[in-house]
Amino acid sequence: GGMGSCFDASLTRAKTVASQPRFYITTTEGSGASELPSAVNLAQNYPNPFNPVTMIKFELPQSSEVTLKVFDVTGRRITTLVEGTVQAGTHTVSFDARNLSSGVYIYTLQVGDVMLNRKLTLIK
């Protein structure tokens, strides 16, 4: 509420101007780095295999509640890298595995009801 009749008046004025188009605005898809991702995405970690630190990149189309966790192959949680609200855009998180043993680990990104998994390999 609180907009009242002055809002309606300005709306009508804007319509009158718009009815005599002098120029057209064209939008092009995918131009510029400021474009937000169109979907939740979890990238393969880099480098992979790694020792002892690797980077995990994920993309969010909108600000969301995010958890990014690492598990071993038996499903035991190793660590939680991200937990909480994360802004839209591309984010990179470093994972330090220097106190873990060599092997394959699974990292899981959960955003709402979307869940993405990828494997990473630690070689010492």
Side-chain angles (χ1 to χ4, degrees):
M3 279 297 184
S5 56
C6 64
F7 179 69
D8 298 339
S10 65
L11 205 64
T12 322
R13 218 170 22 252
K15 249 188 218 127
T16 320
V17 176
S19 66
Q20 302 141 355
R22 300 236 162 80
F23 60 90
Y24 296 92
I25 298 169
T26 56
T27 54
T28 49
E29 288 295 312
S31 61
S34 62
E35 294 279 323
L36 287 174
S38 57
V40 175
N41 183 41
L42 180 61
Q44 184 63 53
N45 63 298
Y46 178 84
N48 189 48
F50 71 100
N51 175 36
V53 177
T54 188
M55 307 303 281
I56 296 171
K57 188 173 83 171
F58 63 94
E59 298 175 336
L60 299 174
Q62 61 199 42
S63 174
S64 313
E65 283 290 312
V66 171
T67 55
L68 179 60
K69 296 177 181 176
V70 180
F71 298 87
D72 66 15
V73 285
T74 68
R76 193 169 59 93
R77 185 169 57 82
I78 303 297
T79 186
T80 301
L81 297 174
V82 179
E83 191 165 31
T85 304
V86 179
Q87 297 306 307
T90 303
H91 304 274
T92 306
V93 182
S94 64
F95 171 47
D96 186 335
R98 72 182 74 233
N99 51 3
L100 298 176
S101 49
S102 297
V104 174
Y105 295 86
I106 291 139
Y107 58 104
T108 301
L109 177 73
Q110 179 143 24
V111 181
D113 52 3
V114 176
M115 196 166 201
L116 302 169
N117 303 298
R118 288 188 186 273
K119 289 179 179 175
L120 47 80
T121 306
L122 173 61
I123 291 182
K124 294 196 164 174

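- M115 CE to L109 CG: the interatomic distance, rounded to the nearest 0.5 Å, is 9.0 Å.
- Rounded to the nearest 0.5 angstrom, F71 CZ and T108 OG1 are separated by 5.0 Å.
- Scanning for side-chain contact (heavy atoms from CB on, under 4.5 Å) contacts around N48 gives Q44, N45, F50, L120, T121, with sequence neighbours left out.
- Under the 4.5 Å side-chain heavy-atom criterion for grouping Ile, Leu, Val, Met, Phe, Trp and Tyr, V114 is connected to F58 within one hydrophobic cluster.
- Taken together through direct or relayed side-chain contacts under 4.5 Å among Ile, Leu, Val, Met, Phe, Trp and Tyr, L68 and I106 form parts of separate hydrophobic clusters.
- At a threshold of 4.5 Å between side-chain heavy atoms, the hydrophobic network of Ile, Leu, Val, Met, Phe, Trp and Tyr places V111 and V93 in one connected group.
- In this structure, the side chain of S94 does not engage the main chain of M55 through any donor-acceptor pair within 3.5 Å.
- For the side chain to side chain contact (heavy atoms under 4.5 Å, CB included) criterion with K57, the lone passing option out of N41, T90, L42 is T90.
- Counting all heavy atoms, side chain and backbone alike, G89 lies closest to H91 at O-CD2, 3.5 Å.
- From L36, atom CG reaches atom CD of E59 across 10.0 Å, with rounding to the nearest 0.5 Å.
- Minimum interatomic distance between S63 and Q87 (heavy atoms only, all atoms of both residues): OG-NE2, 3.9 Å.
- Identified under the salt bridge (Lys or Arg N to Asp or Glu O under 4.0 Å) test for residues 87-111, with sequence neighbours left out: D96-R98.
- Between the CG atom in L122 and the CZ atom in F95 there is a gap of 7.5 Å [rounded to 0.5 Å].
- P47 is listed as a side-chain neighbour of T54, based on a closest heavy-atom distance under 4.5 Å.
- Taking OH of Y105 as the reference point, atom OG1 of T79 lies at 12.0 Å (rounded to 0.5 Å).
- Following chains of ILVMFWY side-chain contacts shorter than 4.5 Å, one can reach V86 starting from V40, so the two form part of one hydrophobic cluster.
- For residues 72-89, the set of pairs meeting the salt bridge (Lys or Arg N to Asp or Glu O under 4.0 Å) definition, not counting sequence neighbours, comprises D72-R76.
- Distance check, rounded to the nearest 0.5 Å: CG of N51 to NZ of K124 gives 6.5 Å.
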